[in-house]
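First up is the structure itself, then whatever we jot down about it.
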Amino acid sequence: MARYLICLSAASGDKPANYVVNTIEWDGKAAFTLPASTVLIEDADSIYQPGDTYGVTPARSVPVNPAATVPLATQAQNALTAAASATWQAYGMYGQTTPADVVTYLTALRAIANGTDTTSTALPTAPADLSGATTTT
């Protein structure tokens with residue numbers, strides 16, 4: 001069994017991307033479905049707790065193990081998986097056209113995840129309408 005964090009894949013309201021929603025113990029084999037718009041990150045050193053932000057040293061001043069840093073390509077793949085699911089739930093399953101800014105975001109994540117984009121040093125910011133929350137009138 002290993003300890004994992006369930007984190008937001010993109011900022012939501014006042015919570016930043018990688019905000020720790022929950023922790024679980026998981027063997028990596030049993031069926032498990034992540035909640036929409038979240039990613040699963042291993043926390044081998046049991047540093048983070050719900051309410052923390054993954055990648056930011058918690059106020060408890062627990063030393064972060066540098067080996068636990070998640071490569072940008074892995075972060076992008078995790079974010080792409082969550083964003084693709086959110087996009088399908090917001091647009092695809094209703095036969096609606098996916099907004100151009102969402103397509104641009106997904107394309108950028110895919111390029112980072114598959115190694116085509118080798119110059120990015122951070123994930124792109126998720127568009128506000130990723131989950132179908134638009135402000136059109």
Side-chain angles (χ1 to χ4, degrees):
M1 296 295 270
R3 184 172 192 268
Y4 290 87
L5 308 172
I6 299 174
C7 299
L8 295 179
S9 58
S12 177
D14 63 345
K15 295 176 177 52
N18 292 330
Y19 176 85
V20 180
V21 177
N22 203 353
T23 62
I24 62 168
E25 296 288 326
W26 185 46
D27 64 3
K29 298 176 188 170
F32 176 74
T33 302
L34 277 171
S37 300
T38 62
V39 294
L40 192 66
I41 301 172
E42 187 171 4
D43 184 25
D45 296 326
S46 299
I47 293 172
Y48 299 95
Q49 299 297 322
D52 290 341
T53 300
Y54 179 76
V56 176
T57 304
R60 294 178 300 282
S61 297
V62 177
V64 175
N65 179 352
T69 301
V70 178
L72 185 61
T74 302
Q75 292 177 43
Q77 183 59 55
N78 291 340
L80 178 60
T81 299
S85 174
T87 302
W88 171 252
Q89 291 172 13
Y91 302 103
M93 66 192 271
Y94 301 109
Q96 296 179 346
T97 301
T98 304
D101 62 332
V102 174
V103 173
T104 299
Y105 174 69
L106 294 171
T107 302
L109 288 175
R110 182 177 61 197
I112 295 169
N114 71 18
T116 304
D117 176 350
T118 59
T119 60
S120 291
T121 58
L123 296 180
T125 301
D129 55 347
L130 178 64
S131 297
T134 60
T135 57
T136 57
T137 55

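If you chain together hydrophobic residues whose side chains sit under 4.5 Å apart, Ile24 and Leu34 fall into the same group. Residues Val102 and Trp88 do not share a hydrophobic cluster, clusters being chains of Ile/Leu/Val/Met/Phe/Trp/Tyr side chains in contact below 4.5 Å.
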> Run the side-chain contact (heavy atoms from CB on, under 4.5 Å) check on Leu40 and Asn78 step by step: do they pass?
Replying inline: CA-CA 8 Å; Leu40 192 66; Asn78 291 340; over 6 Å; no

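Here the closest heavy-atom approach between residue Thr116 and residue Asn114 is recorded as OG1-OD1, 2.6 Å. Nearest heavy atoms, Ala76 versus Ala113: CB-N, 3.7 Å.
Atom OG1 of Thr53 is separated from atom CG of Leu8 by 9.0 Å, given to the nearest 0.5 angstrom. Note that OH of Tyr105 is 14.0 Å distant from OG1 of Thr98, once rounded to the nearest 0.5 Å. Rounded to the nearest 0.5 angstrom, Thr87 OG1 and Met93 CE are separated by 13.0 Å. To the nearest 0.5 Å, the span separating CG on Leu109 from CG on Leu72 amounts to 9.5 Å. To the nearest 0.5 Å, atoms CG (Asp52) and OG1 (Thr23) are separated by 10.5 Å. In this structure, the separation between OH on Tyr94 and CD on Gln89 is 8.0 Å, given to the nearest 0.5 Å.
Under the 3.5 Å distance criterion, the side-chain polar atoms of Thr81 are matched with a main-chain donor or acceptor of Gln77.
The side-chain contact (heavy atoms from CB on, under 4.5 Å) test with Ser9 singles out one residue from Asn18, Leu80, Val39, and that residue is Val39. Under the side-chain contact (heavy atoms from CB on, under 4.5 Å) test applied with Asp101, the options Asp129, Leu106, Leu130 reduce to a single match, Asp129. The side-chain contact (heavy atoms from CB on, under 4.5 Å) test with Tyr54 is passed by exactly one of Ile47, Ile41, Asp43: Ile41.
Within the 4.5 Å cutoff, the side chain of Tyr91 has heavy atoms near those of the Pro99 side chain. Contact check for Val21 versus Pro35: no side-chain heavy atoms found under the 4.5 Å cut-off.
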